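The structure under discussion appears below in the form of C-alpha cells.
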Amino acid sequence: MNDKCLSCQTAGADLKLPDGYHPRCSRKLFGTTLPPKVPFGTPDIAGEAQKMVGRMSISGVQPKLSMTHDRRKHQLTVVESGGFYILKPPTERFESLPENENLCMCIASAYGIAVPSHGLLPLLDNRLAYLVKRFDRLEDGSKLQQEDFQQLLQTNDKYDGSYERIANIIKKYSNVSGLDLVELFERALLNYVLGNGDAHLKNFSLIKEENIGYHLSPAYDIVNSRLVLPDEREEMCLSLQGKKNRFSRKDFIKLAEHFGLNKKQSANSLDRLNDIKPVFENMIEGSFLNERLREGFLDIYKKRMGRIGD
Ligand SMILES: Nc1ncnc2c1ncn2[C@@H]1O[C@H](COP(=O)(O)OP(=O)(O)OP(=O)(O)O)[C@@H](O)[C@H]1O
Ligand SMILES: [Mg+2]
Ligand SMILES: [Zn+2]
C-alpha cells in the first residue's frame, strides 16, 4: 500500500490512508470518505473510449473518459454526457503521464494557482489513471459557459498564439482582469519551469460564473512534456516576447510589463517562485513518478529555475 495520498501526494496528518486517500482528500474530490472504484483496467480503455467517440463533448488529443460517481455501486461510471469527472488513463506512448499530471497540478496549487480537485485512481490492473473534477459543471448538473482561447482568438491553429494575445483578450473580456493577468503571468512562469511544452490555446479558457462574470478558468492539462519528449522542439508552444526558446528572467519581466503589471507585482510572483523551490523539490521527490523520471523532472526544473532566477 502507498504511504502517500493519491490526491495530495503527502502522508499528512492523518496517517491512515484508506484506499490510498486521506479521508478529507477523498471527500473533496468524491464527496465520500473512501474513493470509488474504477470497474475496468487499462486494456479496456480503448473499448470504453471507442463507445463514446463522436458522442462525448470533451476534446483533446489523448484518450479520455467522461465519468460520474455512482454512489450506490461505489464506483465511477462512464457516461456520454453530464459527467462530473474526466479520467485520463495511462498510455503506452508517454510514460507515467497520470503521475506526471497529478504532480504538476499539486505544484500549481502550492504556488497558488486555482486548480480543480484532482487525484490518481488505480484501474483494475492497478495502473494509475489521472482523474479531475470538471469545473464547468455545478452540483445540480448545469453547465457553465466556457470558451477556450482558440475560440476566443478565432484561429484554426491551437499553436497560433502568444501569451500577449491571451492577455489582450483577458483585458477585454474578464471581469477580474487584474487578478487574471497576475494568474496568467504565474501560469506562464510555471509552464516554463515545469517543462510544459504543450500549453496551447485550448489549454486556457474563460468561464462565466454567476456572481463573477467572465474570468480565467481554473488551470488544467499541466504536464511536464519535456520529460517524456526530450526532443521537443520548443520550450513553450505559445510565444512570449516573440520567442518560444531561450528565455531569461528579463523576458518574463517584459511580459509582465506588457500585461500591465507593475514591477512590484512581477517581482512578487518571481520571488515567490524562488522561495518555494525547496517545497517543489520535495514534491517532485515525493511524487508517484519512478526514480529515473523524478530525477529527470528535477533536472528540467532546476535548469529552468536557474535561467529565470536572480
Ligand atoms: N477540469 C476540467 N473541467 C472542465 N473542462 C476541462 C477540465 N479539464 C479539461 N477540460 C476540457 O477538456 C479538454 C481536454 O482536456 P485536456 O486538455 O486535459 O486533455 P488532453 O487530451 O491532454 O489535451 P491536449 O489535446 O491538450 O493534449 C480541455 O481542452 C478543456 O476544454
Ligand atoms: Mg489539452
Ligand atoms: Zn491527501
Side-chain angles (χ1 to χ4, degrees), residues 54 56-62 64 66 81-83 86 88 101 104-105 108-109 111-116 118 132-138 142-192 194 196-223 225 234-244 247 251-252 254-261 265-266 269:
M56 210 176 60
S57 55
I58 33 178
S59 63
V61 173
Q62 298 302 321
K64 60 191 84 61
S66 176
S81 60
I86 298 171
K88 298 170 82 173
E101 186 160 0
C104 290
M105 296 296 274
S109 172
Y111 185 45
I113 306 280
V115 300
H118 58 90
V132 65
K133 189 150 185 211
R134 296 192 70 140
F135 51 71
D136 59 344
R137 290 279 148 80
L138 299 178
S142 58
K143 201 171 176 306
L144 301 177
Q145 206 180 325
Q146 185 193 355
E147 305 276 349
D148 68 49
F149 279 81
Q150 183 181 350
Q151 297 167 313
L152 289 161
L153 284 164
Q154 299 182 345
T155 158
N156 293 323
D157 180 358
K158 63 187 180 183
Y159 296 109
D160 170 29
S162 65
Y163 280 90
E164 286 84 350
R165 289 180 69 197
I166 293 182
N168 293 344
I169 296 277
I170 287 177
K171 287 178 194 168
K172 201 163 156 196
Y173 296 114
S174 169
N175 285 351
V176 285
S177 57
L179 285 176
D180 281 355
L181 289 163
V182 173
E183 169 104 7
L184 181 67
F185 178 59
E186 296 188 345
R187 284 198 209 174
L189 285 169
L190 204 68
N191 284 331
Y192 178 63
L194 294 185
N196 183 8
D198 202 32
H200 51 67
L201 293 174
K202 293 189 97 44
N203 286 336
F204 296 88
S205 297
L206 286 184
I207 196 158
K208 189 179 179 191
E209 271 182 281
E210 193 157 349
N211 40 12
I212 313 176
Y214 279 103
H215 66 102
L216 197 59
S217 82
Y220 53 91
D221 205 12
I222 307 180
V223 278
S225 56
E234 278 130 6
E235 294 182 334
M236 299 281 257
C237 71
L238 294 179
S239 67
L240 179 169
Q241 290 299 291
K243 39 192 211 178
K244 296 184 172 183
F247 296 101
D251 294 316
F252 283 96
K254 285 227 175 98
L255 180 73
E257 277 170 22
H258 178 106
F259 286 5
L261 306 186
Q265 285 175 308
S266 56
S269 298

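Quick caveat: nothing in here was measured; it's all calculated off a predicted structure.
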Nearest atoms (heavy-atom pairs only) where [X] meets [Y]:
{"X": "M236", "Y": "A188", "value": "CE-O, 3.4 Å"}
{"X": "P218", "Y": "P116", "value": "CB-CD, 3.8 Å"}
{"X": "Y214", "Y": "Q145", "value": "OH-NE2, 2.9 Å"}
{"X": "F185", "Y": "A256", "value": "CE1-CB, 3.8 Å"}
{"X": "K171", "Y": "L181", "value": "CG-CD1, 3.9 Å"}
{"X": "F252", "Y": "F247", "value": "CE1-CB, 3.9 Å"}

Practice task
Measure the acute angle between the ring planes of F204 and F149, then classify it against the limits of 30° and 60° as parallel, tilted or perpendicular.
Solution key: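 Perpendicular: the ring planes of F204 and F149 meet at over 60°.
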
Practice task
Evaluate the criterion side chain to side chain donor-acceptor pair (under 3.5 Å) for residue pair Y163 and Q241; output intermediate values, then yes/no.
Solution key: CA-CA 8 Å; Y163 280 90; Q241 290 299 291; over 6 Å; no

Is there side-chain contact between [X] and [Y], with heavy atoms separated by less than 4.5 Å?
{"X": "F135", "Y": "Q146", "value": "yes"}
{"X": "Q151", "Y": "S205", "value": "no"}
{"X": "H215", "Y": "I207", "value": "yes"}
{"X": "S269", "Y": "V182", "value": "yes"}
{"X": "R137", "Y": "K143", "value": "yes"}

Handout entry: N/O donor-acceptor pair under 3.5 Å between S225 side chain and G197 backbone
Key =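 Yes; judged by distance alone, with no hydrogens or angles, the pair exists.
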
Handout entry: K64 side chain vs K88 backbone, donor-acceptor pair below 3.5 Å
Key =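 No, because the side chain of K64 does not come within donor-acceptor range (under 3.5 Å) of the backbone of K88.
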
Quick one: pull up [atom1] in [X] and [atom2] in [Y] and give me the separation to the nearest 0.5 Å.
{"X": "E147", "Y": "L153", "atom1": "CD", "atom2": "CG", "answer": "11.5 Å"}
{"X": "D198", "Y": "N191", "atom1": "CG", "atom2": "CG", "answer": "10.0 Å"}
{"X": "L201", "Y": "D157", "atom1": "CG", "atom2": "CG", "answer": "8.0 Å"}
{"X": "S174", "Y": "I169", "atom1": "OG", "atom2": "CD1", "answer": "11.5 Å"}
{"X": "S239", "Y": "D251", "atom1": "OG", "atom2": "CG", "answer": "11.0 Å"}
{"X": "N203", "Y": "S217", "atom1": "CG", "atom2": "OG", "answer": "9.5 Å"}

Exercise for the section: Using a cut-off of 6.0 Å, state whether more than 12 heavy atoms not belonging to K208 lie near its atom NZ. Expected result: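 Open: at most 12 neighbouring heavy atoms sit under 6.0 Å from NZ of K208.
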
Problem - Flag if over 12 foreign heavy atoms under 6.0 Å of OH, Y159 - result: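 Yes.
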
Practice task
Apply side chain to side chain contact (heavy atoms under 4.5 Å, CB included) to L189 and Y111, showing your working.
Solution key: CA-CA 11 Å; L189 285 169; Y111 185 45; 3.8 Å; yes

Problem - Residues K202, D221: salt bridge by 4.0 Å N-O rule - result: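 So K202 does not pair with D221 through a salt bridge.
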
Exercise for the section: Mind jotting down which residue pairs meet the salt bridge (charged side-chain N to carboxylate O under 4.0 Å, His left out) criterion with at least one end in residues 175-186? Sequence neighbours excluded, please. Expected result: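 Found E183-R187, E186-R272.
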
Practice task
For a side chain to side chain contact (heavy atoms under 4.5 Å, CB included) with L261, tell me which candidate from Q265, H258, E257 qualifies.
Solution key: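 Output: one option passes, namely Q265.
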
